[in-house]
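Let me begin by presenting the structure, written as structure tokens, before commenting on it.
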Amino acid sequence: MQKKVLIIDDSALMRRVISDIINEDERLTVADTANSGQPALDFIDQGRRYDVILVDIHMPKMDGVQFLKELNKRQVQIPTIVASSAASRSTNETIEALELGAFDFVKKPSGPVKYGFTGFRTDLLVRIYVACNLGNYPGEVPRGLMDTAEPPHTAAPVQQPAPARPTAPVQPAQPSAQTGASGQTTQSKEASSRQPARKPAGQSRPTKTASVDRTAKPTTPVTQPARPAVSAKTNQTVSADQPAAAPPVRRPTVMRTVRPGEKLAVIASSTGGPKALQSVIPMFPKNFPYPVIVVQHMPEGFTASLATRLNEMSQLPVKEAENGEVLRGGVVYIAKGGRQCELYQEKNGQYQILSTDKPARGGLKPCADILLESLMDTSFEKIVCGVLTGMGGDASKGIVRAKSCKNIKVIAQDEATCVVYGMPRAAKVAGVVDEMVPLESIAGTMIKTIGV
């Protein structure tokens, strides 16, 4: 039986384009279209049934965010995929939509529809297949894109070979520079035949010889943006006019340069990750002394909004990682969308973040495997990696390689609390998981494991 799709977009052209994409697939059919959220709600109130909803963010009368709020009020549990542009307003609203329970989002092509159409089509169909529990999308996708196939777990309501080390001098860009391809494509597939060839025993890894131009390196310490006080127990903003007590005043986090022999926390996530991270990052206490690096699969332009939102909710400062900045303890870094994130250890022992335009691996940019492999040439005493909800198997291969020479402990999210049990399952199958716990226990288990 074909899966029924509801399309909501105020653009007649986009409704036609998306309808053509859907109807060309023999397993899908467009059941209805609407030009805003209100007529779509009317369809639902009339009892029409859909397997997945595609909704635009910006629409007259009722936009995508308000539509999701109305679905929540009605306790409607239909996987909803948001279509969004990379405009600043759109990225902020996309993050809000994900908080409200959107299953995932796709980035609309910029400019004329014909440009970027192929990537948009693949991104859309891959997500629809996973949301509808159709298994592997049979169309062409980047080889090695996904390593596991698992049905999504929708929460109620609506919640549903390694690259060579740098050999040329690295010139860190100024913090404001933004370059790189946008987005990534994801699909689920268990294909052991696509495992990259392992190096023969005894073969040494290439030595990282990159040198860094310190004249261009930003040296200004990371500062914690002002934000409202947060209750450590509830994570809710505390009103300043509460008669009973004044809001707690947090002391500024003392951020220091990370030195050899210290520890590092890494988190990898994909589909369902933006919302899951809100149950993890705010749980790190303000005195957590080590850096946290998060690789969330997102296109260029969206991770800054994610970092801003997490920063508002968290006790530690949260920021988008910038090329050339020195790694500091007590700071959460979100790998920049459309870039690859790596760590490089300088001769003086300091760690520097490299945010580069290296090619996507398996369609992913950023890719957690690439970050984890870069840790092989560092001197961290201990690394704790959290693997959260997401399609595919990113992080597993990087962990396997890094474990050959580093002390890495892996905490994975359990199947019951995942939106998509792909990345944690891949880590479990690879035999690298030390503990598998519910989402609400991820932060506490990581903190206990790293030893704070």
Side-chain angles (χ1 to χ4, degrees), residues 2-44 46 48 50-68 70-71 78-98 100 102-132 134 137 139-141 181-187 298-302 305 337-338 363:
Q2 290 180 313
K3 300 294 184 178
K4 295 181 179 180
V5 183
L6 169 62
I7 299 172
I8 313 170
D9 199 302
D10 63 322
S11 166
L13 175 61
M14 284 305 299
R15 290 198 302 273
R16 175 61 183 275
V17 168
I18 295 175
S19 293
D20 288 346
I21 292 173
I22 301 302
N23 288 327
E24 285 175 358
D25 192 298
E26 61 183 12
R27 303 183 70 178
L28 306 172
T29 185
V30 175
D32 288 302
T33 64
N35 61 3
S36 84
Q38 186 56 61
L41 283 175
D42 293 341
F43 291 152
I44 293 170
Q46 292 166 14
R48 301 190 190 186
Y50 308 102
D51 296 290
V52 66
I53 299 173
L54 308 179
V55 62
D56 187 19
I57 281 288
H58 294 145
M59 296 178 293
K61 297 181 181 178
M62 182 182 290
D63 62 18
V65 170
Q66 187 59 42
F67 174 75
L68 284 163
E70 292 298 324
L71 287 186
I78 304 174
T80 302
I81 299 172
V82 173
S84 176
S85 70
S88 176
R89 179 185 168 200
S90 291
T91 60
N92 293 334
E93 291 173 339
T94 299
I95 299 301
E96 184 178 1
L98 294 171
L100 290 168
F103 177 79
D104 207 342
F105 78 99
V106 291
K107 181 181 174 183
K108 286 185 173 181
S110 57
V113 173
K114 64 179 180 179
Y115 297 108
F117 173 80
T118 301
F120 172 73
R121 178 182 182 278
T122 303
D123 284 349
L124 181 61
L125 289 175
V126 165
R127 284 159 175 79
I128 290 175
Y129 263 66
V130 175
C132 292
L134 289 174
Y137 169 59
E140 183 178 353
V141 294
S182 63
Q184 66 280 328
T185 308
T186 51
Q187 182 201 354
M298 274 187 160
E300 182 179 12
F302 289 84
S305 294

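Sequential numbering from 1 along the given sequence is applied to the chain's residues.
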Contact summary for Gly301 and Thr91, nearest pair of heavy atoms: O-CG2, 3.0 Å

Contact list for residues 6-18, test side-chain hydrogen bond (donor to acceptor under 3.5 Å, both in side chains), sequence neighbours left out: Asp9-Lys108, Arg16-Asp20

Any residue meeting side-chain contact (heavy atoms from CB on, under 4.5 Å) with Glu96, in chain and number order, not counting sequence neighbours: Val65, Lys69, Leu100

Expected output: side-chain Gln2 to main-chain Glu26 donor-acceptor under 3.5 Å: yes

ring-ring contact (aromatic ring centres under 6.0 Å, His included) against Phe67, all qualifying residues, sequence neighbours excluded: none

CD-CG distance between Gln66 and Leu71, expressed to the nearest 0.5 angstrom: 10.5 Å

Backbone N/O of Ile78 and side chain of Thr80: donor-acceptor pair under 3.5 Å: yes

Spacing of CG belonging to Leu98 relative to CG belonging to Leu68, to within rounding of 0.5 Å: 9.0 Å

For the student: nearest non-hydrogen atoms of Ser19 and Thr33, plus distance: OG-CG2, 4.0 Å

Residue pair Met14, Asp56: steps toward the side-chain contact (heavy atoms from CB on, under 4.5 Å) verdict: CA-CA 10 Å; Met14 284 305 299; Asp56 187 19; over 6 Å; no

Closest heavy-atom pair and its distance - Ala40, Ala34: N-CB, 3.9 Å

Point-to-point distance, once rounded to the nearest 0.5 Å, from CG of Leu6 to CG of Leu54: 8.0 Å

Beyond-backbone contact of Tyr50 with Ile44, side-chain heavy atoms, under 4.5 angstrom: yes

With sequence neighbours excluded, residues passing side-chain hydrogen bond (donor to acceptor under 3.5 Å, both in side chains) with Glu24: none

Residue pair Ile22 / Val5: nearest heavy atoms and the distance that separates them: CG2-CG2, 3.9 Å

Under the side-chain hydrogen bond (donor to acceptor under 3.5 Å, both in side chains) test, residues paired with Gln38 that sit two or more places apart: Asp42

Worked check of side-chain contact (heavy atoms from CB on, under 4.5 Å) between Phe120 and Leu125: CA-CA 9 Å; Phe120 172 73; Leu125 289 175; over 6 Å; no

Rounded distance [0.5 Å steps], CG in Asp104 versus CE in Met298: 8.5 Å

Close side-chain approach of Val130 to Phe103, heavy-atom, < 4.5 Å: yes

Exercise: identify the closest heavy-atom pair between Lys4 and Ala31: CB-CB, 3.9 Å

Between CZ on residue Phe43 and CD1 on residue Ile53, distance to nearest 0.5 Å: 11.5 Å

Heavy-atom side-chain contact between Ile81 and Val55 under 4.5 Å: no

Pairs flagged by salt bridge (charged side-chain N to carboxylate O under 4.0 Å, His left out) wherever residues 58-68 is involved - sequence neighbours left out: none

Side-chain touch Met62/Leu41, heavy atoms, less than 4.5 angstrom: yes

Under 3.5 Å: donor-acceptor pair, side chain of Arg127, backbone of Phe105: yes

Distance in Å, Ile21 CD1 paired with Asp123 CG, rounded so as to fall on 0.5 Å steps: 10.0 Å

Sub-4.5 Å side-chain heavy-atom contact between Asn23 and Thr29: yes

Any residue meeting salt bridge (Lys or Arg N to Asp or Glu O under 4.0 Å) with Asp32, in chain and number order, not counting sequence neighbours: Arg48

Residue list, side-chain hydrogen bond (donor to acceptor under 3.5 Å, both in side chains) with Asp25, at least two apart or on another chain: Tyr129

Under the side-chain contact (heavy atoms from CB on, under 4.5 Å) test, residues paired with Lys3 that sit two or more places apart: Leu28, Asp51, Cys132, Leu134

Minimum heavy-atom distance Ser90-His58, with the two atoms named: OG-CE1, 2.9 Å

